[in-house]
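The next block holds one structure in the form of structure tokens; read it before the comments.
Residue numbering restarts at 1 for every chain, and letters A, B, ... go by the order of the sequence lines.
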Protein chains: 2
Amino acid sequence: MREKRCGRGAWWQDRFQDMGARITAPREVVLDILHETDDHVSATDVYVKAHEINPTIGLTTVYRTLDMLTQMGIVQKFDFGDGKSRYELVNNPDGKKHHHHLICLRCKTILDYTEFLDDELEFIGKTQNRLSKKYNFNITDHAISFYGFCEQCK
Amino acid sequence: MREKRCGRGAWWQDRFQDMGARITAPREVVLDILHETDDHVSATDVYVKAHEINPTIGLTTVYRTLDMLTQMGIVQKFDFGDGKSRYELVNNPDGKKHHHHLICLRCKTILDYTEFLDDELEFIGKTQNRLSKKYNFNITDHAISFYGFCEQCK
DNA sequence: TATTTATTGAAAATGATTTTCATTATTAAA
DNA sequence: TTTAATAATGAAAATCATTTTCAATAAATA
Ligand SMILES: [Mn+2]
Ligand SMILES: [Mn+2]
Ligand SMILES: [Zn+2]
Ligand SMILES: [Zn+2]
């Protein structure tokens, strides 16, 4: 089941090197867990799984690692309205590809969709260019969310 | 300064009628405040202002009203990463028009942008149609966010 | 090896949001 | 209008996700 992705280290390890951040056991475990799931996991979700693998890992470190990864653009942090932040790997080689969300305002169901990415790519690319130029912003990622009511709730 | 928008009542009052929700003093005050601001206000922000106008209004009611308005699609709830939810009127007749956000991952600065709405309209409209059909979702709103690093932080 | 720096986890603190519950205002029924 | 049912409200308490502190440990560097 669990196996390493790349030759001598996962793709994200280079990013750590560049930042002068150490590749530690807790951080590896968190990244592994994120790679293994297709869900929108909360910090506690990650902590519980991490704890199974290595009971010494603390919740604080999970939070810190998740924050770090968010700032590095490796994970995306979401608030779907259920009171806790949820995290998702931006590029999961084995799992979910680039996608966006349909969010039910009543039951808070989250639906991932991956369709129509060609249209999106065009629109986002163009907009991103214009924005980063105009506002002198270094744009690293984006999110598109549609809100409404799901089949059950409408 | 403060004056009523429409003849016999604000546009949102009809929405309340339809839902069988009562138009009460606290709710009017919250809506007024939302109309008057161009900021991304937190529940506490609203509470403080509400309290100035009418000191009997409680924080709990502000939360409840904001939640209600979010479900009705009258306000949009955001998490910009600073630990508290922020709210914005979706359609502010006097204030902000439809817009989206540029979010700095480091200093959490939020930049509203209103440009390129024509391109957006085309893309969003098309996508929304396809999605609501395919997933049988009643889409009422959307949000587009770009993440990255602002002038100061990059 | 000695020294500096980064990382960690437990415990405590924080603070936003929710829940409870008794009271009050509004609507519907009689 | 009186009465009964329902919705809305606010204070206080409870919850609970997230952050802060701080002393201990591990890793990098001189
Ligand atoms: Mn997703
Ligand atoms: Mn805005
Ligand atoms: Zn739903
Ligand atoms: Zn910034």
Using whole Å, what does the distance between atom [atom2] of nucleotide [N] and atom [atom1] of [X] come to?
{"X": "A/Leu59", "N": "D/dC16", "atom1": "CG", "atom2": "P", "value": "15 Å"}
{"X": "A/His51", "N": "C/dG9", "atom1": "NE2", "atom2": "P", "value": "9 Å"}
{"X": "A/Asp79", "N": "D/dT18", "atom1": "CG", "atom2": "P", "value": "9 Å"}
{"X": "B/Lys77", "N": "C/dT18", "atom1": "NZ", "atom2": "C1'", "value": "11 Å"}

Side chain of [X] only, heavy atoms from C-beta on: which candidate in [options] is closest?
{"X": "A/Pro26", "options": "C/dT17, C/dG9, C/dT18", "result": "C/dG9"}
{"X": "A/Thr61", "options": "D/dG10, C/dG9, C/dT18", "result": "C/dG9"}
{"X": "B/Ile57", "options": "D/dG10, C/dT17, D/dT9", "result": "D/dG10"}
{"X": "A/Ser85", "options": "D/dT18, C/dT17, D/dA8", "result": "D/dT18"}

Within the side chain of [X], is there an N or O that forms a donor-acceptor pair under 3.5 Å with the backbone of [Y]?
{"X": "A/Asn92", "Y": "A/His35", "answer": "yes"}
{"X": "B/Lys77", "Y": "B/Tyr87", "answer": "no"}
{"X": "B/Thr37", "Y": "B/Leu34", "answer": "no"}
{"X": "B/Asp39", "Y": "B/Val41", "answer": "no"}

Could you encode protein contacts along nucleotides 19-25 of chain C as a string, one character per nucleotide from 5' to 3', using B for base contact, S for sugar-phosphate-only contact and - for no contact, with a heavy-atom cut-off of under 4.0 Å? BB----B
Side-chain donor-acceptor contact under 3.5 Å, B/Glu115 with B/His99: no
Give a yes or no on this: more than 12 heavy atoms of other residues, nucleotides or ligands lie within 6.0 Å of atom CG of A/Asn91. no
Which pair of non-hydrogen atoms, one from B/His101 and one from B/Phe78, has the smallest distance, and what is that distance? CE1-CZ, 3.5 Å
Along DNA chain D (nearest heavy atom to each residue), the more 5'-positioned of B/Arg27 and B/Pro55: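 With B/Arg27 and B/Pro55 compared, the 5'-side residue is B/Arg27.
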Secondary structure of DNA chain C in dot-bracket form (Watson-Crick or G-U wobble, distances below 3.5 Å, | marking inter-strand pairs): ||||||||||||||||||||||||||||||
Residues forming a salt bridge (Lys or Arg N to Asp or Glu O under 4.0 Å) with A/Lys84, sequence neighbours excluded: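 Residues passing salt bridge (Lys or Arg N to Asp or Glu O under 4.0 Å) with A/Lys84: none at all.
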